[in-house]
Amino acid sequence: MTAKIRPPDGPWSLAWAKSPDDDGDWLPLWRHMADSAEVANRLWMEWMPPASRAVVAAETGSQVLAGSLAVFLAAAHDVGKISEEFASQNVELRERMSRVGFALPNAAVSSGQRRERPHGSVSARSLWEWLFEAIGGRGKASTISAVLAGHHGTFPPGPPQELPESNAIWAESRRSAIDFAVGLSEITEADLVQVATVGLSQAAQVVLAGFVVVCDWIASNTELFPYGTDGEDGDRAARGLAALALPRPWSPSPPLDDAALFADRFELPEGASPRPVQLAAVEQARLMIEPELMLIEAPTGEGKTEAAFAAAEVIAAKFGCGGLTVALPTCATSDAMFSRTLSWLDRSVPAGTVASALLTHSRARFNDEFTGLSAVVPDRGLAGIHDDSPSGAGSLTAHWWLRARKKSALADFTVGTIDQVLLLALQSRHLMLRHLGIVGKVVVLDEVHAADSYMSHFLDRALEWLGAERVPVVALTATLTPERRCAMLAAYRRGRSAAAGEQIVAGSRPGPDFEATAAATAFPLIVRVGSGLPTLTEPAASGRETAYRMEFVGDDDAELVQSVSDAVNSGVCVVVVRNTVARAQEVYTALLNELGSSRTMLLHSRFILADRLHREGHVKGLLGPPAIGRRRPPGMVIVSTQVIESSLDIDADLMYSDLAPIDLILQRAGRLHRHDRPAGTRPGIAATPRFLISGVELSSDGSSPTVDKGSSYVYGGASLLRTTAVLRDHLERTEGIVESPRDVSDLVRAAYSPDAVPPAGWEDDWRSAEKLRQESDAERERRSGAFLLRSPGPGPAYGWNSGSSDEPREEVLGHAQVRDAENSLDVVVVREVDGRVWSLPWLERRGDELVDSDLGVDDELARAVAMCTVSLPAWTFRGKREAWLIEELETRGIPGWQKSPWLKGMLPLPLNEDLWVRIGDLHMEYDRSTGLTVRVKGDA
C-alpha cells in the first residue's frame, strides 16, 4: 500500500477523526483510515508472528485473506465517527459538515449521550448492516462487526441496535467509508461475503480486536502521525513506523541435535550432558504436530527450566511463535528467572536482530538488571540495549512503547508472576491486548503447583483460552496432585476443542480419557495434550537422590531455640520456616538473644523493599550455589516465612518447618542439601539432612493433633490434618526416612486422595475440617465467578469483557482478584522529625534527606524512598478500621510526591525518631532486624 491515497468523493471527506482541544488543526477521518490501514498492512506482515496470523488464517482459510481482513477492520474501525454524537463535539468542524448537508444539533452533544451511542458501536452496527446486505441476510456477519465494537477496550454486552438519525446522509456516508476501507485493504466484497458466511471464532475476534487497538493507538499518535494531510502516500506510515521501531518477532533456529542444543544454549559444567528429563522434553517438543500443553513433572534440581527453554525454542521454530512468556509464583522468583532468561536469550536470539524483553511485575522498576536493560541509549531514543551479549548475538531492548502497563504483554519476551497469565481470564478493560500479546508466543508456567484452589479457577480458564488460541504451553512442577494434573490438561484440551468449533462446557471435569493420566505415578513424568488423547512419557531418573530424616517435634519454642542454638554452635546451617510473620518474628527474637546478629537472620514480606532485597541477596551469598570465592558460614540460622519455599536457591543442612500442606513441605525440604559440596564442607552431624516439623502437637492417646491456629488460618485445617496423617504413617513405615524423588509422588497422591480416610480417633475433627474445606472451595468458586472470563465458544464476542472493572479499580484490585488476596495497603516508611519528613538514614543512596518539599523530589531520591514500601497486615484495615486508617494516612500525605512518577499516589507512614507511630488504636514500629510490627494498643 504505497500508492498515493486521495481524499474520497462526497461530503464525508469532511468527517474528522481528531482535533486538538483548542480547535486548531484537525485530522480527517479518511486520513486516519488510510494511516490505520497502512500501519495494519505493515504490522501484520512484519510484526505479527506467523503463529498469531495463523489464528485468523484458520478461520478464513487463507493467510492472504486473513491479512486483508485485518487491514480492512483496522481501516474501518472509526467509521462510526460519522455520527451526530461524535461530529458535534468540535464547533468549527461541526459547522463545516453542516454546510455540506449533515444535520447536526446547534449545541454539542453531551458526554452522557455519546456514552449511550459510542462510535465503536456505531461502527459495528454500520458494518453489520453492510455485510448483512452483502450476504443476503445469511451467515454470521456479527462475528466480524463485533471486532469494531470492541476496539476501545470493551466488547459491549450485546449487538448495537438500529441507529435512529435525522437524515439519510449519515448512513450513506458510513457505507461510503466502508467502501473506502475495502479499497484501502484490497479485500473484495466476495472475500468478505465468504468470511461473513462462515463466521469467526471468538479467539479470532479477540486477536483481531487487539490488533485493531494496536493499529489505532499507533496511527493516533500525533508524534508518529502528525496532524495535516502532507505525505499522503505510504511514506507517511513508513516514517511513523520507522520512528516507532518495533522489533520484529523472534525467529529461532535451534540445532537439530538435542545435545548440541543444550551445549550451545546453556553453561553446562565441563563434561556434563543433558539429563534424561531434559532430552525427553525436547524429543516430545519435536514430536508435536499441533500446539499442545506439555506438563513436565520432575524433582527439584533436575534442570526443568533449561528443559522448558530448549523445548520452547523447538516449539517456536515448529509453529512460528515469535517470543516467550515465563510466569512464576512470586516477584523474587521472577527476578531470578529474568536473569536466566536474558542469559538464554543472549545465545538464542539470532545475530543481527533486536528483540524486546520486559520484566512484568509490580516491582520491576527496582530490578537493576531490568532498568539497566532499559537505559537511555542516544542513537536509539529510549530503547536500551543489553550489552552483555556474546559477539555476534542479537540485541535485547526494553522498548519504550511496549513498557506501558497495557502494552507490556506485546513484548517478544516477558518474565513475570503467574498473575500475568491468570489475568488472561479476568474480565478487564483492554484484555484483548493481553491476549494479542500472548498469542504467537510459547508460554512457560513454572512451579504451577503454587496456584491454590482459587487461583486454579483462573488458571484453568486461561488454559482454555490458550488452547483455543493455539498457544503452546510448557508447565513445570515438582509436586502436582493427580487432580490438578488432569484438570489443567483437560482445560487446555477444551480450548483446543473450541478452536475446532465444538461447544465446550465450562468447568467440566476430566473424562475417561484422563484415567491413565490420573493414575500415572512415574516421577519424572511428561504429559502432552492437544486436541486428542494425552500422551504420557516416563523419562529415566537422573540418578540424583536425596534421603532425609523427618520427624514431628511439637510446638515448644524454647526447645526449638535450644536445639537450633546447639546446631549452629556445631557449625550447622539451619533454616526455620514459620507460616506467619508474627511466629517468625517471635522465634527470631529468641534466637537472636541466644546467637547474636552475626549468625541469625530473618526473612519475610514485611520488610521494606530495600531491606528485603538486601537480605535476600545476603542469604543467597551465604547459602546459595557453590561459587568461586563463596565460603559457607560456619553455622548460622535463617528464620523465614513461605518466601523461602521457591524464591531463594539456598542450601540448608537442617530445617525446622511449621506444618504445611504436603506439597509445600516437600518444596521446603528441597532446600536441604540442595547443592553438591566438597567433602568436609558440612559438619559431621549434618551429613544426613534432617527436616523437623513444628507447629503441631501429636497426641499420645490417639486423638487428632493440635495444629497452630495461624497455620490453620493460612492453609485450612483439612489439608494440615491430611498431611499429618500421611506423613505419620509414612515415617512409621520407613523409620523416619523420606526419599526424593522416590516417595514424592506417592505422598502427594495420598494426601490429596478423595478416598482418604481419617485415622482412628480423628473422625470428628477430620469431618468438620473437610466440611469447612468444601464450603470454602465452593465459596472461592463463587467469588471467582464474579470476575472470571467466560469460556471460548462460537458466536460474536459481545459481552466478552463487558463486566470489566473501571480503570482505577482494575489497576488496584486486578491482582487481588486473581489471587483471592485480601486488599493490601502499601505504605512508604519515612521518618518525621520536628515536623519535617526525612528518608530513612540507613539507605545506601540518599539516606537521611528531606522528602517533603512542595517542589517535589528528584528522581534518584524518589526511587530510593519508593524502595521503602511495605504492606500493612490485612487485618489492620478490615471492617470499620479500613476507612479511618486510609483517611488518617491520607492526611499525612506529601503534596510534592504527586509530581514524582516514583511516589505519585503513594501513602507515607511517618515514624518518629525511634521508628514507631500510633495511629488510632494501632502501634506500628519498624526495626531493621525484625521488620514492621503492628499491634493493637494495649496488647502484649
Side-chain angles (χ1 to χ4, degrees), residues 247 250-255 258-270 272-275 278 281-282 301-317 321 323-328 330-361 364 367-375 384-399 411-416 441-447 474 476 616-617 620-621 624-630 646-649 675:
W250 181 43
S251 182
S253 299
D258 294 349
L261 172 60
F262 281 92
D264 187 66
R265 299 297 192 254
F266 309 107
E267 295 180 357
L268 298 179
E270 186 176 351
S273 59
R275 295 197 171 105
Q278 295 175 325
V282 175
E302 285 292 288
K304 293 189 293 294
T305 298
E306 290 76 12
F309 281 151
E313 189 169 353
V314 170
I315 293 168
C321 302
L324 194 72
T325 285
V326 187
L328 303 103
T330 66
C331 291
T333 50
S334 300
D335 285 339
M337 184 62 74
F338 187 65
S339 182
R340 296 174 71 178
T341 302
L342 292 182
S343 176
W344 169 68
L345 288 175
D346 283 342
R347 295 169 172 82
S348 59
V349 172
T353 62
V354 176
S356 53
L358 293 179
L359 182 62
T360 56
H361 61 62
N367 181 290
D368 290 338
E369 196 162 19
F370 173 60
T371 55
L373 184 67
S374 54
I385 298 298
H386 189 229
D387 292 322
D388 296 332
S389 305
S391 177
S395 299
L396 304 177
T397 170
H399 193 279
D412 300 325
F413 300 93
T414 64
V415 179
K441 291 190 177 78
V442 180
V443 174
V444 174
L445 304 175
D446 199 4
E447 302 190 43
V474 181
L476 311 176
E616 288 176 352
K620 286 188 285 189
I628 296 175
R630 176 179 293 169
S646 56
S647 299
L648 299 177
D649 182 8
H675 300 294

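Minimum heavy-atom separation, Ala357 to Leu345: CB-CD1, 4.5 Å. Scanning both residues, Cys321 and Pro252, for their nearest heavy atoms gives O-CD, 4.1 Å. Between Ala308 and Val444, the shortest heavy-atom distance links the atoms CB-CG1, 3.9 Å. Nearest heavy-atom pair across Asp368 and Thr371 is O-OG1, 3.1 Å. A pairwise comparison of heavy atoms in Ala411 and Ser356 identifies CA-OG, 3.4 Å as the closest pair. Phe338 approaches Glu369 most closely through the heavy-atom pair CE2-C, 4.3 Å.
Side-chain atoms of Trp344 and Thr305, non-hydrogen and from C-beta on, never get closer than 4.5 Å to each other. When side chains are defined from C-beta on, His361 counts as touching Asp335, because their heavy atoms get closer than 4.5 Å. Looking at Leu328 and Val415, their side chains come closer than 4.5 Å, going by heavy atoms from C-beta outward. Using a 4.5 Å cut-off on side-chain heavy atoms (C-beta onward), Pro247 and Thr397 make contact. The side-chain heavy atoms of Ser343 and Phe266, taken from C-beta on, include no pair separated by under 4.5 Å. Taking the side chain as every heavy atom from C-beta outward, Leu342 and Leu396 approach each other to under 4.5 Å. Side-chain contact between Thr341 and Phe309: present, with at least one pair of heavy atoms (C-beta onward) separated by less than 4.5 Å.
With hydrogens and angles ignored, the 3.5 Å screen pairs no side-chain donor or acceptor of Glu616 with any backbone N or O of Ala332.
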Stepwise side-chain contact (heavy atoms from CB on, under 4.5 Å) check, Val282 with Leu261: CA-CA 9 Å; Val282 175; Leu261 172 60; 4.2 Å; yes
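Remark: Glu306 does not engage Arg265 in a salt bridge, criterion side-chain N to carboxylate O under 4.0 Å.
Neither side chain, Asp412 nor His399, offers a donor N or O lying under 3.5 Å from an acceptor on the other. Judged by distance alone, the side chains of Ser348 and Glu313 never bring a donor and an acceptor atom under 3.5 Å apart.
Atom OG1 in Thr330 sits 7.5 Å away from atom CD in Glu447 (nearest 0.5 Å). Separation of atoms OG1 (Thr325) and CG (Leu358) is listed at 10.0 Å; rounding is to 0.5 Å.
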